[in-house]
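Note on naming: letters A, B, ... go to the chains in the order of the sequence lines (proteins, then strands), and numbering restarts at 1 for each one. For the numbers below, each heavy atom of this structure counts, side chains included, while hydrogens, waters and symmetry mates do not.
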There are 2 protein chains.
Amino acid sequence: MLQPLGLVTTTIADEVFAKIRQAIVEGEIPSGSKLSEPEMATRYGISRGPLREALRRLESSNLVERRANFGARVVTLTFAGLIEIYQLREALEGMAARLAAECMTPAEIADLRALLARHRDQVAGDPSGAYFQKEGDLDFHFRIAQGSGNRRLIAMLCNDLYYVARMYRYQFGMAGDRSRAALDEHGLIVDAIAERDGELAEWLTRRHIRASRRHAERRLGAQPQPDESRGSP
Amino acid sequence: MLQPLGLVTTTIADEVFAKIRQAIVEGEIPSGSKLSEPEMATRYGISRGPLREALRRLESSNLVERRANFGARVVTLTFAGLIEIYQLREALEGMAARLAAECMTPAEIADLRALLARHRDQVAGDPSGAYFQKEGDLDFHFRIAQGSGNRRLIAMLCNDLYYVARMYRYQFGMAGDRSRAALDEHGLIVDAIAERDGELAEWLTRRHIRASRRHAERRLGAQPQPDESRGSP
DNA sequence: TATGGAATAATTGTCGACAGATTTCATGCT
DNA sequence: AGCATGAAATCTGTCGACAATTATTCCATA
């Protein structure tokens, strides 16, 4: 008998991959630590085969680094690495917003507005910004990416970059503040998408991510870099 | 004894990965064909272990698709997929050019100019555009990406996107023409980088890639899509 | 005491074999 | 004849073991 819809044949490597990814993102497995194959295999009660498969996927997600005959290590978080993420997000999410303004259906836009309203309520009810600590912010960006209709772009953002961004957020402890400003910026982006103004949506998104980057730079006590990536007025 | 420099410990999976990648890009292994593990293993004289490692890397390079308990297939090239590549390249290479204008050393810029001069000679000597058929064009883009200084961006472009772009170029047979126009556009981009004008470099690069996309659209006989991703003047 | 090197230990890369799942093909029924 | 059912065959996922490389430790020597 055929499965009616969505054949979700999950494998051991899949499950272990998801488990290790969560452990890395949330800091349970410390950044920079070595991932010994025999130790991890016994730790998760599996053989080394599927474990290596999981490690390989974590490598392609940019969460671990592997060297031949050396082993796998969790990536070390650096300020320069965080800047690289922001630069990529500015380029990719800017394009995603532009495409979303052209591709998203009215129903999807309505859903996006509803999500934004929920975020506003949560932030108003809890001024400490707990919702943003739970990645409500990335949830919004997630939807924009999916609205682009570009599967490759969606995969890059949702499967790779956002997990690394969450990892930095958890372990650098920069979550929660800037809630209201971010919410306002999100609102402007949704308006631009609703008006099918792709160019404005891209410009607003890039400015939004640049603002997040500058906020992180201030928060981490580093001197802000020269303002590359300024959109044209 | 320590290796003096550049520890190039290569593994079987590495070599087979490179071999299969080349075979896929150049069309020797047809697009959409199934990659049977036992057959491929005997074909390359190795076991299934390193072969699976190679297939995993090909998957993360977006050259093959894998499903659990189903197997690996070479990706099927579609017009929509080509458009997705162009959209990504516009966003990523635009950012790369902006960063290159800020980061490249004068020596690197001089090298880039020398490369461009060589390209001009080759195109002038062979009006059929043979050099561009040999990926001289992508060679230029390769250098811009590396000039960005963003390792993640470099990896995305040089390890993934450019191979897929070459695959489309080989198998859709759209290489060689547009040589002179592309050369002129390359020259403008180098000038902008030399003047440290990141914003102009990004704008020119995005326009350059949009022009390539429109050319491909015309060549493939499809109606050009609405001109999304138009830079602000 | 510090340094260089060799032997040991541990880890990764590779291989062959078994178990589970999927596809294919043959068979029987409507 | 066409379709559903079931069994054989093939393939992928998983496991344990061996080989090659690397890291570590210990000893000898300057």
Side-chain angles (χ1 to χ4, degrees), chain A residues 1-21 23-24 29-30 32-76, chain B residues 1-21 23-24 29-30 32-76:
Chain A
M1 185 181 71
L2 289 175
Q3 280 182 317
L5 198 64
L7 48 163
V8 281
T9 48
T10 178
T11 173
I12 292 184
D14 287 318
E15 303 173 15
V16 172
F17 164 69
K19 283 184 188 173
I20 302 180
R21 180 173 61 179
I24 290 177
I29 299 178
S33 63
K34 180 158 169 42
L35 298 178
S36 163
E37 291 184 5
E39 178 187 335
M40 299 284 288
T42 59
R43 189 167 184 271
Y44 289 94
I46 62 175
S47 172
R48 275 181 54 212
L51 181 86
R52 283 170 71 89
E53 167 89 20
L55 289 180
R56 175 64 195 87
R57 292 194 209 175
L58 290 168
E59 183 188 18
S60 84
S61 298
N62 288 296
L63 289 175
V64 313
E65 291 171 343
R66 290 179 69 198
R67 265 177 44 196
N69 294 311
F70 185 82
R73 307 187 82 90
V74 180
V75 292
T76 62
Chain B
M1 184 180 71
L2 288 175
Q3 280 182 319
L5 197 62
L7 48 162
V8 281
T9 48
T10 177
T11 173
I12 292 183
D14 286 319
E15 302 173 13
V16 173
F17 164 69
K19 284 183 189 174
I20 301 180
R21 179 173 62 181
I24 290 177
I29 300 178
S33 63
K34 180 156 168 44
L35 299 176
S36 163
E37 291 184 5
E39 178 187 336
M40 298 285 287
T42 59
R43 189 167 185 271
Y44 289 94
I46 61 174
S47 172
R48 274 183 55 211
L51 181 86
R52 283 170 69 90
E53 169 87 18
L55 289 181
R56 272 173 251 155
R57 294 195 208 173
L58 289 167
E59 181 187 20
S60 84
S61 297
N62 287 298
L63 289 175
V64 312
E65 291 171 344
R66 291 180 66 201
R67 266 176 43 195
N69 294 311
F70 185 82
R73 308 187 82 89
V74 180
V75 292
T76 62

Query - Which residues share a side chain to side chain donor-acceptor pair (under 3.5 Å) with B:Arg48, sequence neighbours left out - result: B:Glu37

Query raised in the report: Considering only heavy atoms, which members of residues 49-63 of chain B lie under 4.0 Å from some atom of DNA chain D?
Result: B:Arg52

**Report entry** Rounded distance (Å) that lies between atom P of D:dG16 and atom CZ of A:Arg48
**Finding:** 12 Å

Query - Sub-4.5 Å side-chain heavy-atom contact between B:Glu39 and B:Lys34 - result: no

Report task. Please identify each residue that fulfils side-chain contact (heavy atoms from CB on, under 4.5 Å) with A:Thr76, with sequence neighbours left out. Result -> A:Ser31, A:Thr78

**Report entry** Residues that B:Ile46 engages under side-chain contact (heavy atoms from CB on, under 4.5 Å), provided they are two or more places apart
**Finding:** B:Ile12, B:Val16, B:Tyr44, B:Pro50, B:Leu51

**Report entry** With sequence neighbours excluded, residues passing side chain to side chain donor-acceptor pair (under 3.5 Å) with A:Asp14
**Finding:** A:Arg57

Report task. With the side chain of A:Arg66 defined as its heavy atoms from C-beta on, choose the nearest nucleotide among C:dT14, C:dG13, D:dT14. Result -> C:dG13

Report summary line: Whether each nucleotide of nucleotides 5-11 of chain D has a protein heavy atom under 4.0 Å at its base (B), only at its sugar-phosphate (S) or at neither (-) is summarised, 5' to 3', as -------

Query raised in the report: Considering residues at least two apart in sequence or located in another chain, which fulfil the salt bridge (Lys or Arg N to Asp or Glu O under 4.0 Å) criterion with A:Arg43?
Result: A:Glu28

Report task. Select one nucleotide: of C:dT22, C:dG13, D:dC15, the one nearest the side-chain heavy atoms of A:Ser47. Result -> D:dC15

**Report entry** Whole-Å distance separating the CZ atom of B:Arg73 from the P atom of C:dT23
**Finding:** 11 Å

Requested in this report: Applying side chain to side chain donor-acceptor pair (under 3.5 Å), name anything that partners B:Ser60, two or more places apart in sequence or on another chain.
Outcome: A:Arg56

Query raised in the report: Considering residues at least two apart in sequence or located in another chain, which fulfil the side-chain contact (heavy atoms from CB on, under 4.5 Å) criterion with A:Val74?
Result: A:Ile24, A:Ile29, A:Ser33, A:Leu35, A:Met167

